[in-house]
Structures are given as structure tokens and as C-alpha cells.
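Structure record follows, encoded as C-alpha cells.
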Amino acid sequence: MERRLAAVLIADVVGYSRLSEIDEEGTRIRFHTDLHELFEPKIATHHGRLIKTMGDGILVEFHSVVDALRCAVKIQQQKAKRNAALRPEQRMLFRIGVNLGDVIVEGEDIHGDGVNIAARLESLAQPGGICISGTAFDHTVHKAEVGFSSLGEQQLKNIADPVRVYRVLLDPSEAGKVVASRRPRRRAIILATLAALLIAATAIVFAWQWPFVPQRPSIAVLPFANLSSDAGQDYFTDGITDSLIADLTMLSDLDVIGHNSVFAYKGKPLVLADIGRDLGVRFIVEGSVQRIGDQMRVNAQLSDAASGDRLWANRFNRAEADVMAVQDELSRQIAEALGLKLTQSEAERITRPPTANLEAYDYYLRAEQATRTGRRSRLLEALALFDKAEALDPGFAEAFAADAHATAYVWRSAYDDVLQSALARKRAYEKASRALALDPVLSSPYAVLAVMQVVDRRYEQAVASAQQAVSLGPADAEAHMALAYVQLFSGNHAEAGAAVETALRHDPNLSAINRYTAGLVFYLQRDYTKAIDSFERARDGSPGNGDFVTPLAMAYARAGRLDDARATVAEGIRFVAGRDSLAGWRISNAHFRNEQDLVFILDALREAGLPEWPFGFKGNEQDRLYGDEIANAVIGKLLRGKTEPSGSPALMQVERDGKAAFRSATQMITGTVFVNGDMLCEQSENAFGRADCGPVYRPANSPAETSYAYVNSTKVFYFSPVK
């Protein structure tokens, strides 16, 4: 075994799994483009050797740590320039760690503490940044055109002794600077010492009591690896993982980590002890799936996260038609290996196949994969696939439940280009009801119904439905987040906060829309630190989605970060092409039972600079129409004009009885038009069935061939009545 001193560079993509869920093929292509066009040339220029790539990670060895640091700096600087020319959702960021230390050489590979420390440093780096060890700093200070900020001694995972860590300052204005870490004040040292003594005393008491406290087992099922030659089989492999998670979640004596958290590890190197600590679980399941023709091979193993000891393992070589039988055996054998005693109902539920129709099951798995991307184009595909699964097996309860969940997401997000609001609402109610008629103990349809009921202002029904969802799925993070959403809008902030904390225990890495809900809960509890963290995670979990950008501004504003709040509003408006406005927030959140909750949100967004109307429209009060003036200009008329900001043609036909239709290049709305006070209102199935009202003006600078301007939460319509 050869050992030597080496400079080690490790780079890793920030949020690779999240990017892959959004655009798997595009993400893979961008990673390999950066590898071949950016990393490899810089590595060669600085006399390094590319050891290997590890999923989305890169391991490089250098003879000189100065070369290693200079290489890292050039990579990050050039990558920043490349990203500046890309849309936000296309940007890929790297973290880089550099260490000088002892490595073990085996053939072309290297490992050992020198590599492990570099990996830990990489995880400490900021997106687009670099962290280096104290040994690397000692040899590179003043030898690269950068500065350094000391992070002090850090206790790194699986590294016995603390390691000095430095963050590299890439801004040219900071070149040559060395910013020292602050020494703790005497008072802080005394308080820290007292806190340590208190913790130690608590630990002693807990250790004394430990034998008498029954320990509830906890488990994480990591994404099974797709060993088939076809990457398109990922949906099938992911389906087996999700089915196993769902089966184990049904067991009352087991805590199971949810989908979002475990799938963050997909395609990444696995260190069981780290995963166990990060997710707070004792046991971990790993596995792989390989499809060959009409046959499949499934490997699985159960390990103790802390020790790495394998507690159970099995291989299943079966016909593809036996996939549900294999899933049943997996769940039962893992439960047995954990020493769990299943109740009769739990045993029956695990052994009951969701469907006997394999083609329907395949469509269902494909639909689930498409749904999880959250992309509008894939959601339309998902609904069509659910339709096919349900047509092939009208008794497939899980398919109807998943369909209801996806459709409610479309409705809640107002994705009218996927499915019009009225149709989405009707479909979600019907699918959830059908799922419960087929299987009354499913939790997810109750969660869907709860969210829809609270939007309809049926608060008591909504709370009851959400509580039923939690009762049927106590380990289901989605059920707890539905309860949080319902309690939030019902005005029960403490109960909403408790539901969020429970959901986070079961799924620490919640989906973007659930992070958004958590952010609202913390915001209305006045915990702006947690609100900012949740909103930032929602934004990062759905890059390019302006719906998850603007909410962050309200928390920034309340935390006194007004410049950040205004920059965030500007970014959010840019993402949604100017459509975001206070009017939109007012109508989409009108189901707050406590009106002051909505006022508290709108006031902060107004302070952050969010405009009252979409596309930044501002009317002059001296040009405004009132009451009968509006009615005379609109009711019983054909209104011809154009919409902003595109200037595309639009028509609104308003009958004398108020029945109306509006048509433009992007909207088709039918409903009723009426005058309410000094506002013109449209009542349709859009906007959750709420009246969308706004002022009418006779602006002096109206576009050619138009006399009036009408604005509400969705549009600015310049028009002239046609006699």
C-alpha cells in the first residue's frame, strides 16, 4: 500500500438531484459539458490529474497545492462568467474543497483522510465558492490572487481532530486579505462552558434512563439504483423505492423518512453514517433494480447506519409480472429483520396489491415520475397517464389518489394552461372521492380534500379532513403539511406550526410548495429567521419559478433587509413576466379566515415594492371612471382592444344581463361581468371562483384605437366599445 502527500481538489454540483428532477437529461449534459470544457482544460493547465467523477462530483490530484488552489479559482471565476449568460434555471453551481494531506494510492485511485477532508471542506463551501484546509492555506497564502477568511477550527464528520478551515475570497478587491476569525469573548466562553456542563449532565441522566426507554426504530429507504442499460427505466426503479417507502410508512411502530429527503441522495456517493446522522435514522435500506426483457433482478439490503453492519439482504430474480409480489416480500422481510410485529390489518395491507393490471401499474409509475418534476408540460402528461391507468383498472385506488393530488397541485398553482381552474377543481374532487370510495383508509385523498375545502372557506370541514389524513397516515409528511396549510388559513397559527415541525421530522427536505407553506406559517408566527430559511429552500427547490421567489421578500422586509426584499421582488416579477402584483396575492389568498393575516402579508410585500397591479400598471385618479360611467362604457357592449404588455388583440363581449366572454392570445374566460361600487368585476370559475375586480380609466395616453383601460389581478386591457 503506497502513501504520499498530495494536494486534493473535490468539486460537487449544488442541488444536482433537484436539477435532475426538473430536467434530468439537460442537467447531465450541462455537467459533462462543464467537465470537458471547463474542468479538464484547467486541470491540465495546472498540472493536475483527474482521478474520477463520482456521480456529480469530481476528484483531482495535484503535486502542488498552489496549482490546486489556482485551478479551483480559475474554474469558479470562469463558471461565474458562463452562468451570467444563462437563465437562472440553467445555471449550475459548484462547491470546491482543497486539502493538502496524506493519501493512500491504489492503482489509479486515491483515498484516505487527505481525500475525506477535501470532501468535508467542499460541503462547507458556499455555492460557487471554495474552502481550503489550514495545511493548504499555509502553503498558498499570498501565492494566489485571492483573499482568505478564517472559519476557525471545525470538527469535520468522521475526522478525529479539528481542522482549520479558510474560505477563499474570490472578489478581486479582496486579493491579499486574510480575515481572521473572531476570538470568543470571556462572557461567551463562560456561557458556552455552562451550556456544555448542562448538556453533559442531561446526557448522563438520559444514559442512566436509556435501558428503560423503549426505542422506536427509524429507517430511510434510499433510491434504488437503476442497473438497466436504459436510463428511461428510472421511473420503474423509483416506483419500487416509493412503494417500499409507502408500505413501511403504514407500520405503526416504525418511523420512515419521506420521498423528498431520501431522493436528495439519488446518484450520489453514499456514506451510511453521514446519512443516518443527517436524517436522524438508525437503519438504512439500499438496493438496485435491473430489467432484462420480461425479467427483473432486485437486490436489497438493510444496514445499521452507525456501524455499517448489514442486518439483512436478499436478491429476487423474478418475472417482471411478479413486481408487486416482490414489493410485498421486500416489505415483510425488512419488517421481520427489524423485529416488528405486524397487526393483522398491517399485514393484510402490505400483501394487498394496488392493482392486478400490470399495464395500468406501469402507466401509474410513469405518471408519478412526471408529477414529481412539477413542470407544467410534465403535469399535462401525468394527467393523461393517470387517465390511462384508471381506464385499464377502474378499481385502482392509489392511481385515483395520486391523480387527485396532482390535479389539486395544478388547481392550487393556477396552471390554467395545463387544466382550466374549474375543470381542475372538479377533477380533483371527483378523483379524491373515487379513491376513498375504493379504499377508505388512504390518507392522501383526505389531504387533497382538506386543502380544497379551506380554499372554499369550509374551515371546520377542512380541519376535520386534514386531521383524518394525519390519523390514517401518521408518518405521511404530505398529510401533516395539509394540516399545516388548513390550520394556517383557519387562523390557528400554533397548530399550524406544530404540524410543520412534525412533517419536518418525517421528511426534512420538504417539496418546494410545502416549504412555501412552512414559510408562511413561520412568517405569521413572526419567526422571520425560519421563514427566510423556508422561503429560500422553496425558491431553491424550484428554480426559475417566480411563485416561490416573491414570498421571500415579505420575510426580508420584516427582518429589516429592505434592499434584499426589493431585489427579490424585482427578480420574482422578472420570472413571471410582470404578472405578479398585490391584486394577485389578494385574490389568491382571500381564504384567510383572519383578514389581518392577509393584511400583514400584503403590507410587507408593498413595502418591498410589489406593485398594486400586474405589469406595473398605474392609473391616474383624474382619469378614473365611477359607477354608472363604467356600466355605460361596458355593459351590453363588444369591447375591442389589446392587452399589455404584448399588445396582442383581445375581445370582451358583455351582454346586457352581464354574461360575458373574454378572449386573448393567452386567456379564454367566460362568466359574468358586473359593476361593484367603482370597480368592474369578472366572476368566473377562474381565481378559485372569486370575483376579480379592478378600476377602469380613460387615460390620456391610451394606445391607438382604444379609449379605456381596465385592470385586474390577471390583465391590463385597453379597449374601445363597439356600438
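These numbers were taken from a predicted model, which means no experiment stands behind them.
To the nearest 0.5 Å, atom CG of residue L598 and atom OG of residue S588 are 8.5 Å apart. Atoms OG and CG, from S243 and L330 in turn, are 10.0 Å apart once rounded to the nearest 0.5 Å. For the atom pair OH (Y235) and CD (Q233), the distance works out to 5.0 Å, reported to the nearest 0.5 Å. To the nearest 0.5 Å, the span separating CZ on F522 from OG on S534 amounts to 5.0 Å.
Distance alone, capped at 3.5 Å, is enough to place a donor-acceptor pair between the N589 side chain and the W585 backbone. A donor-acceptor pair under 3.5 Å links the side-chain atoms of N226 to the main chain of D230, judged by distance alone. A donor-acceptor contact shorter than 3.5 Å links the side chain of N357 to the backbone of A360. A donor-acceptor pair under 3.5 Å links the side-chain atoms of R427 to the main chain of L383, judged by distance alone. E286 places no side-chain N or O within 3.5 Å of a backbone atom of L302 that could act as its donor or acceptor partner. A donor-acceptor distance shorter than 3.5 angstrom exists from the side chain of S331 to the backbone of Q327, with no hydrogens or angles considered. S433 places no side-chain N or O within donor-acceptor distance of the main-chain N or O of E430, the cut-off being under 3.5 Å. Using a distance-only test at 3.5 Å, with no hydrogens or angles considered, no donor-acceptor pair links the side chain of T371 to the main chain of A406.
Ion pairing between a basic and an acidic side chain is recognised when a charged N comes within 4.0 Å of a carboxylate O; D456 and R425 show such pairing. With salt bridges taken as basic N to acidic carboxylate O contacts below 4.0 Å, one links R372 and E368. Remark: K266 engages D234 in a salt bridge, criterion side-chain N to carboxylate O under 4.0 Å. The pair R277-D274 meets the salt-bridge criterion, since a charged nitrogen lies less than 4.0 angstrom from a carboxylate oxygen. A salt bridge does not link R282 to D255: none of the charged nitrogens lies less than 4.0 Å from a carboxylate oxygen. In summary, E336 and K341 do not engage in a salt bridge, as defined by a charged side-chain N under 4.0 Å from a carboxylate O. Between R378 and E381 a salt bridge is recorded (basic side-chain N to carboxylate O distance below 4.0 Å). The pair E359-K388 does not meet the salt-bridge criterion, since no charged nitrogen lies less than 4.0 angstrom from a carboxylate oxygen.
Inspection of the T355 and D393 side chains reveals an N or O donor paired with an N or O acceptor under 3.5 Å. A donor and an acceptor atom, one from each side chain of W312 and Q301, are nowhere located under 3.5 Å apart. There is no side-chain donor-acceptor pair under 3.5 Å between Y363 and D387. For the residue pair N712 and T714, a side-chain donor N or O sits within less than 3.5 Å of a side-chain acceptor on the partner. Side chains of Y459 and R593: a donor-acceptor N/O pair is absent below 3.5 angstrom, by distance only. A side-chain donor from one of D403 and T407 sits under 3.5 Å from a side-chain acceptor of the other. Defined by atom type and a distance below 3.5 Å, a donor-acceptor pair is missing between the side-chain atoms of N509 and N260. With hydrogens and angles left out, the side-chain atoms of H591 and R690 include a donor and acceptor closer than 3.5 Å. For the residue pair S490 / N492, no side-chain donor-acceptor distance below 3.5 Å is found, with atom types taken as modelled. A side-chain donor-acceptor contact under 3.5 Å links Q333 and N314.
Seen from the ring of Y485, R412 counts as a face-on cation partner, given the 6.0 Å and 45° thresholds. Judged by the 6.0 Å distance and 45° axis criteria, R539 is not positioned over the aromatic ring of F548.
Residues V262 and V221 have side chains not in contact (no heavy-atom distance under 4.5 Å, counting atoms from C-beta outward). Considering only heavy atoms from C-beta on, L251 comes within 4.5 Å of L340 through its side chain. Side-chain contact between D540 and R537 is absent, with no heavy-atom pair separated by less than 4.5 Å. Residues V454 and L488 are not in side-chain contact: their nearest non-hydrogen atoms beyond the backbone lie 4.5 Å or more apart. With a 4.5 Å cut-off on side-chain heavy atoms, I257 and H506 do not count as touching. Contact annotation: the side chain of M554 approaches that of F535 to within less than 4.5 Å [non-hydrogen atoms, C-beta and beyond]. Within the 4.5 Å cutoff, side-chain heavy atoms of D242 are placed close to those of H259. A 4.5 Å side-chain heavy-atom check between V463 and Q487 finds at least one atom pair inside the cut-off.
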All N/O donor-acceptor pairs, side-chain side in residues 467-476, below 3.5 Å, sequence neighbours left out:
residue: D476; atom: OD1; partner: E478; partner atom: N; Å: 3.0
residue: D476; atom: OD2; partner: S443; partner atom: OG; Å: 3.1

* Taking it one step at a time, do K431 and E390 satisfy side chain to side chain contact (heavy atoms under 4.5 Å, CB included)? -> CA-CA 10 Å; K431 301 294 185 180; E390 294 153 9; 2.8 Å; yes
* Between R352 and M324, is a side chain to side chain contact (heavy atoms under 4.5 Å, CB included) present by the stated rule, with each step listed? -> CA-CA 9 Å; R352 186 192 312 157; M324 280 170 277; over 6 Å; no
* Mind running salt bridge (Lys or Arg N to Asp or Glu O under 4.0 Å) on R586 and D692 for me, showing each step along the way? => CA-CA 10 Å; R586 188 176 289 108; D692 194 357; over 6 Å; no
* Report the C-alpha separation of E320 and Q295 in whole Å, then their side-chain angles, then the decisive distance to 0.1 Å, and conclude whether the side chain to side chain contact (heavy atoms under 4.5 Å, CB included) test is met. => CA-CA 5 Å; E320 184 182 305; Q295 299 293 307; over 6 Å; no
* **Residues M250, D247; criterion side chain to side chain contact (heavy atoms under 4.5 Å, CB included); working and verdict** => CA-CA 5 Å; M250 296 175 194; D247 282 349; 3.9 Å; yes
* May I have the step-by-step check of salt bridge (Lys or Arg N to Asp or Glu O under 4.0 Å) for D439 and R349, ending in yes or no? => CA-CA 11 Å; D439 190 346; R349 187 131 188 99; 2.7 Å; yes
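Partner of L244 under the side chain to side chain contact (heavy atoms under 4.5 Å, CB included) criterion, chosen from T249, V256, V285: V285. S465 pairs in a side chain to side chain donor-acceptor pair (under 3.5 Å) with only one of the listed residues (E460, R458, Q453), which is Q453.
T343 is linked by a side chain to side chain contact (heavy atoms under 4.5 Å, CB included) to S345, E346, counting only residues two or more places apart in sequence or in another chain. In this view, Y516 satisfies the side chain to side chain donor-acceptor pair (under 3.5 Å) rule with no residue, not counting sequence neighbours. Residues forming a ring pair (Phe, Tyr, Trp, His ring centres under 6.0 Å) with F662 (at least two apart in sequence, or on another chain): F717. With sequence neighbours excluded, no residue satisfies salt bridge (charged side-chain N to carboxylate O under 4.0 Å, His left out) with D527. For F236, there are no ring pair (Phe, Tyr, Trp, His ring centres under 6.0 Å) partners at least two apart in sequence or on another chain.
Other residues, nucleotides and ligands contribute over 12 non-hydrogen atoms within 6.0 Å of the CZ atom of R318.
Ring centroid separation for the pair F396 and Y364 comes in under the 6.0 Å cut-off.
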